[in-house]
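Notes for the one structure printed next.
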Amino acid sequence: MESMEKILMYVMVEWCDAVVKITVGVYSEVDFREDDLILKDQILVGAQHSSNKVNCMVCSFCFQFIGSIELQIGRKLYLEELGISADGECGSSGGMECSSSSEKTRLSHTTIQSLMDGCLRLPYSENFPLPPVFPCLGGCKEAYYCSKSCAQADWDSFHSLLCIGHGSSSPNREALLKFMKHADETNDIFIPAAKVISSTILRYRKLKAARVEQQGKHVTSDPHDNCIFPLLLEAWKPVSMGFKRRWWDCIALPDDVDSCDEVDFRMQIKDLAFESLQLLKEAIYNRECAPLFSLDIYGHIIGMFELNNLDLVVASPVEDYFLYIDDLPLSQKEEAEKTTKPFLDALGEDYSVSCEGTAFFPLQSCMNHSCIPNAKAFKREEDRDGRATILALRPISKEEEITISYIDEDLPYEERQLLLADYGFTCKCPRCVEEAP
Ligand SMILES: [Zn+2]
Ligand SMILES: [Zn+2]
Ligand SMILES: [Zn+2]
């Protein structure tokens, strides 16, 4: 196990692109001017936060909003009516009274239903078209997609082993449900971690099948067989870029935990990860991929999401829709608001909630930190899916290293170093060298 972990940590990344080259950092292959788009970083593994699912219905693979403006609004009001709120609390439901949160007004069940099934169209919503909803291939009611190709890609890459529907490839769906419930109740960072493991297993199986086909060679399923390990390493490669520190070592100490209780706190986090891993093992354990199910590897996978400083955020088209209505010429606006206002009132302040989740951006994670970075990774307003954007903060010349800041670089020297200690290094960027006491 020890050696497996070490090898997994040192797998070299051989990923090339027209504009950048990766070695131990990311280097520019061309000249960039200030504000130039350096690249768009695709999510390797991501998951919408469990609590966010009430607010936004997005494609489980590319994270763009799906259905229609009407469906987005209707579904949210419907779930709230059932007493399911975004913070997981069950409010009192039924009756025509105002809901618990102060300014919201309630709409009738029939109105909400007609919005959801498309009978009621909102004015000007045709200006905000969304892709239709495709169900999960395994028949669960948890994952939805923007297209057949996203449904298929998610199924092939992650979901077939983690689906709780009838078509699932998980050997133990009951255990899978327990795992999901545990994640929802404790920390939903376990869900993207499980996706990393399932995708590695699925990639491993594909590689093995290809090997058998190419060479006609019999590949055994004995984990001690010499040809298994290189295939597993190959399957692991895309993830290896993000491997930094164990979750319980790198998670920031919450404000309400005293520093003298730090050891206990980290131990509790480790125990929680152990609990989660046991449930996941029961659900999708694969003997040939046994090294993936060690607590150490699981800790590193979760750590990868913990240390990734870019969240999954996709702005809501529902917000744009209401802003559009608000911007209409007065007479049109007044006419439209006769229909839209009751819905806006029913949604209350939550009308503009974005899709939020945890994600791992492989290229961004390869970029080294600097307290005087030359680039910035972020989500732009116009990015309507799970991709992130890396922009040049100043001119960058060819062969120069592209750096981003992992922390708030405006903080003073000591605070910066303290935060960077979570990433396991002492910063020696030109600014830190100059400011060091
Ligand atoms: Zn999609
Ligand atoms: Zn499914
Ligand atoms: Zn620095």
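Quick caveat: nothing in here was measured; it's all calculated off a predicted structure. For ligands, and for the atoms within them, numbers begin at 1 and follow the listed sequence.
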For the residue pair Q113 and D117, confirm or rule out a side-chain donor-acceptor distance under 3.5 Å.
no
For F134, check ring pair (Phe, Tyr, Trp, His ring centres under 6.0 Å) against everything at least two apart and list the hits.
none
What is the ring orientation for H159 with Y145, classed by angle as parallel under 30°, tilted 30 to 60°, or perpendicular over 60°?
perpendicular
Tell me if the NZ atom of K206 is crowded by more than 12 foreign heavy atoms within 6.0 Å.
yes
Taking the six-membered ring of F293 (Phe, Tyr or Trp), confirm whether the NZ or CZ of K281 is under 6.0 Å from its centre and within 45° of its axis.
no
Rounded to the nearest 0.5 Å, what's the gap from CG on L420 to OG on S405? Could you check?
7.0 Å
Measure the acute angle between the ring planes of H109 and Y78, then classify it against the limits of 30° and 60° as parallel, tilted or perpendicular.
tilted
Every N, O or S from the protein that is nearer than 2.8 Å to the Zn ion (ligand 1)
C59 SG, C62 SG, C146 SG, C150 SG
Does atom CD of E434 have more than 12 heavy-atom neighbours, drawn from other residues, nucleotides or ligands, at distances under 6.0 Å?
no
Please list, in chain and residue-number order, the protein N/O/S atoms closer than 2.8 Å to the Zn ion (ligand 2).
C136 SG, C140 SG, H159 NE2, C163 SG
Give the ring-plane orientation class for H369 versus F425, where under 30° counts as parallel, over 60° as perpendicular and anything between as tilted.
tilted
Under 2.8 Å from the Zn ion (ligand 3), protein N/O/S atom count?
4
Around K53, counting heavy atoms of other residues, nucleotides and ligands shown, do more than 12 lie under 6.0 Å from its NZ?
yes
Could you check whether Y124 and T340, counting side-chain N and O atoms only, form a donor-acceptor pair closer than 3.5 Å?
no
In short, C62 meets C146 closest at the heavy-atom pair SG-SG, 3.7 Å
In this structure, are over 12 heavy atoms from other groups packed under 6.0 Å from E400 atom CD?
yes
